[in-house]
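Beneath this line is the structure, given in structure tokens, with notes to follow.
So that the names make sense, note that chain A is the first sequence line, chain B the second, and so on, each numbered from 1. As the structure is a computational prediction, the values presented were derived from the model and not from experiment.
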Protein chains: 2
Amino acid sequence: MVTVKQARHPGLEEMTLVAVMGALSDPIRVGLVRVLADGRERGWGELRAPVAKSTLSHHLRVLRDAGLTRTRQEGTRCFVELRREDLNARFPGLLEAVLEVARGDDVGAHVGVTDDSNRT
Amino acid sequence: MVTVKQARHPGLEEMTLVAVMGALSDPIRVGLVRVLADGRERGWGELRAPVAKSTLSHHLRVLRDAGLTRTRQEGTRCFVELRREDLNARFPGLLEAVLEVARGDDVGAHVGVTDDSNRT
DNA sequence: TACCTTGTTCGATGTTTTACGAACAGCGAA
DNA sequence: TTCGCTGTTCGTAAAACATCGAACAAGGTA
């Protein structure tokens, strides 16, 4: 019934440093953030990660609950995007610093997107 | 015998983003980092945190293993300090961004030092 | 030497996290 | 309506984590 509980996204004030750090303490999630770092909204199906879909769903929820991403549902499919402006407002400099290191170390390398670019 | 295994500190190359983020995903550890953020070396006994000493020891080890702090042993007591330069070299901007937010949100507020300033 | 102080290590425990496959629910298409 | 596709939720299991008290080890002190 209330299966898709219309995903609640935390407001700026609800985001906590500890939750964000926790969300970014997993390589898969860092990989997802990196994929979304180009600012483009991505379809769930575009995302590739070496885990079962239920696990991927879990990771996306952790990111969303921490306030890192925004999920939009359109009919049957979901789209995810990085809440870059919100993050920069709430945690100035943090996201950029993390992305910079993640890029340099190639953290979350096995996370990617299908080259099936049918959007944007 | 080898109780105090002379604490190994990871070199710059051994530090990982994920480990650092994990280390900073606990309010007590963030509080410890805040306390050390003034650059002063602190004695173990100076640190106050609302946990048992064995737990505090554990948290200090997590921080040390992630490369955030350096521990020095002098006779019977230990001294801890933040590896600020190393962190800035390895993760540019990250520590400052975290400290800034932690200060603003007062993360790890119940962690402090005894005003027993008998050092420096 | 016998004791005390200091911090680590050792279990033990309860909680949280990660992971999977299966079942389910919503939506669109046949 | 009946399928099929998509993503969430559930049940479960394994691993990691936070926490404590007790035991221990190393160094200083009496």
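- Note: CD (Q73(B)) to P (dG7(C)) measures 9 Å, nearest angstrom.
- Taking atom NE2 on H58(A) and atom P on dA16(D), their separation rounds to 15 Å, with Å as the unit.
- Side-chain to base pairing of S54(A) with dG21(C): one donor and one acceptor N or O lie within less than 3.5 Å of each other.
- Between the CH2 atom of W44(A) and the C1' atom of dG26(C) there is a distance of 15 Å, given to the nearest Å.
- Heavy-atom distances to DNA chain D give each of C78(A) and R29(B) a nearest nucleotide, and the one nearer the 5′ end belongs to C78(A).
- One interatomic measurement links the two molecules: CZ of R72(B) to C1' of dG7(C), which rounds to 15 Å at whole-angstrom precision.
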Worked check of side-chain contact (heavy atoms from CB on, under 4.5 Å) between V33(A) and R29(A): CA-CA 6 Å; V33(A) 168; R29(A) 290 194 291 261; 5.7 Å; no
Worked check of side-chain contact (heavy atoms from CB on, under 4.5 Å) between L82(A) and L95(A): CA-CA 10 Å; L82(A) 194 59; L95(A) 181 62; 3.9 Å; yes
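- Between T76(B) and dG28(D), a side-chain N or O to OP1/OP2 separation shorter than 4.0 Å is absent.
- Within 4.0 Å (heavy atoms only), H59(A) reaches sugar-phosphate atoms of the nucleic acid but no base atom.
- The nearest whole Å value for the distance from the CG atom in L60(A) to the C1' atom in dT18(C) is 14 Å.
- Remark: P of dT17(C) and CG of L63(A) are 13 Å apart, rounded to the nearest angstrom.
- Between V62(A) and G45(B), the residue whose closest nucleotide on DNA chain C is further toward the 5' end is G45(B).
- Remark: side-chain polar atoms of R34(A) are not paired, donor with acceptor, to backbone N or O of L99(A) under 3.5 angstrom.
- The CZ-C1' distance, from R61(B) to dC10(C), rounds to 12 Å in whole Å.
- Protein atom CZ of R42(B) is 17 Å distant from nucleotide atom P of dT6(C), rounded to whole Å.
- Under a 3.5 Å cut-off, the side chain of R72(B) and the backbone N or O of F79(B) do not form any donor-acceptor pair.
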